[in-house]
2 protein chains.
Amino acid sequence: MAREAGVSVATASRALARYGYVKEETREKVLAAAKKLNYQYNVVAKNLRTSKTTTIGYLLPDITNPFYSRIVRGIQDVAFEEEYNVIICNNDNDIIKTERFVKMLLRHRVEGIIYSTPYNQVLNDMCDTFKKQEIPVINCYGSTRLCASDVVTGDAEKGCYQAARHLLELGHRRIAILRVKESGVSNRRFEGCRKALEDFGVEIDPRFLVDAEDFSQESGYLQAKILFSSPQKPTALIAFSEQLAIGVLKAAREDGIKVPEDLSLVGVDDIIAELLEPPLTSVVIPTYEAGRAAASLLFSRIKEENSSPPREVVLEEKLVVRKSTRGRV
Amino acid sequence: MAREAGVSVATASRALARYGYVKEETREKVLAAAKKLNYQYNVVAKNLRTSKTTTIGYLLPDITNPFYSRIVRGIQDVAFEEEYNVIICNNDNDIIKTERFVKMLLRHRVEGIIYSTPYNQVLNDMCDTFKKQEIPVINCYGSTRLCASDVVTGDAEKGCYQAARHLLELGHRRIAILRVKESGVSNRRFEGCRKALEDFGVEIDPRFLVDAEDFSQESGYLQAKILFSSPQKPTALIAFSEQLAIGVLKAAREDGIKVPEDLSLVGVDDIIAELLEPPLTSVVIPTYEAGRAAASLLFSRIKEENSSPPREVVLEEKLVVRKSTRGRV
DNA sequence: GTGAAAGCGCTAACAG
DNA sequence: CTGTTAGCGCTTTCAC
């Protein structure tokens, strides 16, 4: 390579990487030769030599889901600044795939991992393995049951507190809450709603407390159908995901319930909320920032020697008021 | 490493990689030792030694855009099967970023590139560089002005031919077409519409031929507003992207034009079409399959020695009829 | 069948 | 300030 420039490999290396002492003159000579030969620095060789791969892994369910693709973008942006590479692993919440990915990441000697996936046994073992090898693991809106080094989440309680308060301030008292069974986030969101209702001295009507199977549109539709067919109808509804809210919207349309005239509706996630009809009032989760935060945490851990205690970044979740909510007349 | 298992590195390598001749007995010994020591195969070392990086690059505008995130997923899925790694490069259509990414990909010695970006000068130079180094470049729904090895596109003409025919069969004759200036895809889509109209012996009314600045919602809204304010109104409209269609939908709502009663609307892309109100009749672009196809082309090029002539994969684009179109009464 | 040895392209002591 | 040298962990001839 550029040793054809009249110097040794070592000097060339120093000149290119601009470390150590190199006379300006020889430095220029090296640079000139590099350009002339169209030299391309070989990252692979450097990786092997330094046993730093400048690569991290990201485990997620599916990048096709906009919630995650925004996190990905956040991670990628800071990784790019740090000249790191990120290996994206879509596990589709599948154990087999997860296992294959984890092995792959190990073989690739990633320096750190971020995950946004729900709990599973393989992941749990993975965390142990990584911890043993002192590879930092960051939880970004993923399962809290795994032993991550650091975690970034949203202030789910606050966001939903705001959502509930918004409805209460509009005069609503019969507020239905569409939660999700066995979900940590759902529980925290509910806690926010509960507090708001308490602060306003409003009792929760158990008939308006609905538990869906999951966060999907279908579940939302199903539960809304049931709810709307009962004699006692709510005047407002908070759904704990955007998909759930869309399901509710569909059911409402079918049953001739007008939003917001007959029912004020609030969602969570804010992916396409603005494009819906009516534009959906909803709690926005700062996913892009979450990705950035997770990556920042990871890199700071990769850089520091001493293992500091676990940190937690809690991102603010805010309510955005659009046209799906209005005052009780 | 596992040479603690009593054999030489060479034998261990052979045993692990299952090539060459290795006695079954020693092979088992190696495997056992590997398991015992929790041996992890080092991909980086292998990459350096074989100067094959099992890594490809993907250049796209922004992964946050669902159109691209689906292509990404397609690419990743086949890359994973091939045990390849993909470096995702969000260039935001920015020249500076593109340049940095290209250099990075070169330093990482990627074995191939896929791009889905519009034309720019840096990209053009990049293609030359890669071609010189015999690194295959695949165009997946990106600019055709670059000298890619192979290309995957959609049969834009056919999809839009179907769209126009659908409207014509419903009895529409005053059909507006919302195109995009200086866009190759837009031109091809228009060609499809034109043919359908011709086949039905319908003249194109130049007043209903609208050229937007780009594929964005804002542009759609803007042009629709202008169109709706003119005395001559169309009874149907084809918008060449989903975002454009959403813009039209917003404008229609504001101007009291009911879809589909007063205006039948067709979009292209089919990302959230189903979730809109009314659910949008639209041409679906098989983005996930496009990603898979692009990756398959790339890998077949990486594998084969002789450089075969450029290939082109044309994916079928189909119309999905929903509720935003109806017959002329 | 298996081992010895070279070398992928780089960095990091260590000498000079 | 610069050159020599060793070696990261693997694959791959070439001997034995």
Side-chain angles (χ1 to χ4, degrees), chain A residues 1-55 83-85 103-111 133-135 305, chain B residues 1-35 37-55 83-85 103-111 133-135:
Chain A
M1 94 87 171
R3 70 211 57 167
E4 271 55 316
V7 296
S8 76
V9 255
T11 315
S13 176
R14 279 188 281 255
L16 263 356
R18 57 181 74 247
Y19 81 86
Y21 302 95
V22 168
K23 213 202 286 176
E24 189 52 35
E25 199 183 305
T26 51
R27 188 153 176 274
E28 275 163 21
K29 241 186 342 197
V30 173
L31 260 35
K35 177 163 286 176
K36 178 156 158 274
L37 302 186
N38 206 307
Y39 165 78
Q40 296 291 346
Y41 179 83
N42 188 326
V43 179
V44 182
K46 183 223 124 222
N47 285 348
L48 179 58
R49 172 62 232 238
T50 59
S51 55
K52 291 185 77 265
T53 52
T54 54
T55 301
E83 310 231 49
Y84 268 66
N85 208 342
K103 283 199 179 126
M104 190 262 267
L105 293 174
L106 249 14
R107 284 199 303 268
H108 276 271
R109 300 287 193 273
V110 290
E111 295 179 39
Q133 307 199 14
E134 300 202 329
I135 300 172
E305 305 301 304
Chain B
M1 88 90 169
R3 68 213 59 168
E4 270 53 315
V7 296
S8 75
V9 254
T11 315
S13 176
R14 280 189 279 255
L16 263 355
R18 57 182 73 246
Y19 81 88
Y21 302 94
V22 167
K23 214 199 292 175
E24 189 53 37
E25 198 182 305
T26 51
R27 186 153 179 277
E28 276 163 20
K29 231 175 6 181
V30 173
L31 260 35
K35 177 164 284 177
L37 302 186
N38 206 306
Y39 165 79
Q40 296 292 344
Y41 179 82
N42 188 326
V43 179
V44 181
K46 182 225 124 222
N47 285 346
L48 179 59
R49 173 62 232 241
T50 59
S51 55
K52 291 187 77 267
T53 52
T54 54
T55 301
E83 310 232 49
Y84 267 66
N85 206 345
K103 284 200 178 125
M104 189 262 266
L105 293 174
L106 249 13
R107 285 198 302 267
H108 278 269
R109 299 288 191 274
V110 290
E111 295 180 37
Q133 308 199 12
E134 299 200 331
I135 300 172

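Worth saying up front: this structure is predicted, and the values here are computed from it rather than measured. Naming convention: chains lettered A, B, ... in sequence-line order (proteins, then strands); numbering from 1 in each chain.
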What one should report as the nearest heavy-atom pair of K52(B) and K46(B) is O-NZ, 3.8 Å

My understanding is that only residues two or more places apart in sequence, or in another chain, count here; which of them pass side-chain contact (heavy atoms from CB on, under 4.5 Å) with E24(B)? R27(B), E28(B)

Please find the pair of heavy atoms, one from R109(A) and one from T53(A), that lie closest to each other, and give the distance. O-OG1, 2.6 Å

By nearest nucleotide on DNA chain C, pick out whichever of E24(B) and Q40(A) is the more 5' one. E24(B)

Value in whole Å for how far the P atom of dC10(C) lies from CZ of R14(A): 15 Å

Non-hydrogen atoms of L16(A) and Y39(A) that approach each other most closely: CD2-CE2, 3.9 Å

Would you tabulate the pairs of protein nitrogen or oxygen atoms and nucleotide nitrogen or oxygen atoms of nucleotides 5-8 of chain C closer than 3.5 angstrom?
unit_1 : atom_1 : unit_2 : atom_2 : d
dG7(C) : N2     : R49(B) : NH1    : 3.2
dC8(C) : O2     : R49(B) : N      : 3.3

Are any of S13(A)'s side-chain N or O atoms less than 4.0 Å away from OP1 or OP2 of dC10(C)? no

In whole angstrom, what separates K23(A)'s NZ from dC1(D)'s C1'? 8 Å

Minimal non-hydrogen separation, T54(B) against N47(B), with atom names: OG1-OD1, 3.7 Å

What's the CG-C1' distance between N47(A) and dG9(D), to the nearest Å? 13 Å

What's the NZ-P distance between K52(A) and dC10(C), to the nearest Å? 17 Å

Taking the axis from the first five pairs and the axis from the last five, what angle separates them in the helix from dG1(C)-dC16(D) to dG16(C)-dC1(D), rounded to 10 degrees? 40°

Taking side-chain contact (heavy atoms from CB on, under 4.5 Å) as the test, write out the residues that go with E134(A), two or more places apart. none

When rounded to whole Å, the CZ to P distance for the pair R107(B) and dC10(C) reads 12 Å

Excluding sequence neighbours, so at least two apart, what forms side-chain contact (heavy atoms from CB on, under 4.5 Å) with S51(A)? none

Report the distance from atom CG of L16(A) to atom P of dT2(D), rounded to the nearest whole Å. 14 Å

Check: T55(B) and H108(B) side chains under 4.5 Å, non-hydrogen atoms: no

Answer with yes or no whether R27(B) presents, from its side chain, a donor or acceptor under 3.5 Å of a partner atom in the base of dG1(C). no

Sorted by chain and number, sequence neighbours left out, side-chain contact (heavy atoms from CB on, under 4.5 Å) with R107(A) holds for K103(A), M104(A), Q40(B), Y41(B), V43(B), E83(B)

Could you check how far OH of Y41(B) sits from P of dG9(D), rounded to whole Å? 14 Å

Distance-only donor-acceptor test (3.5 Å): side chain R109(A), base dG9(D): no

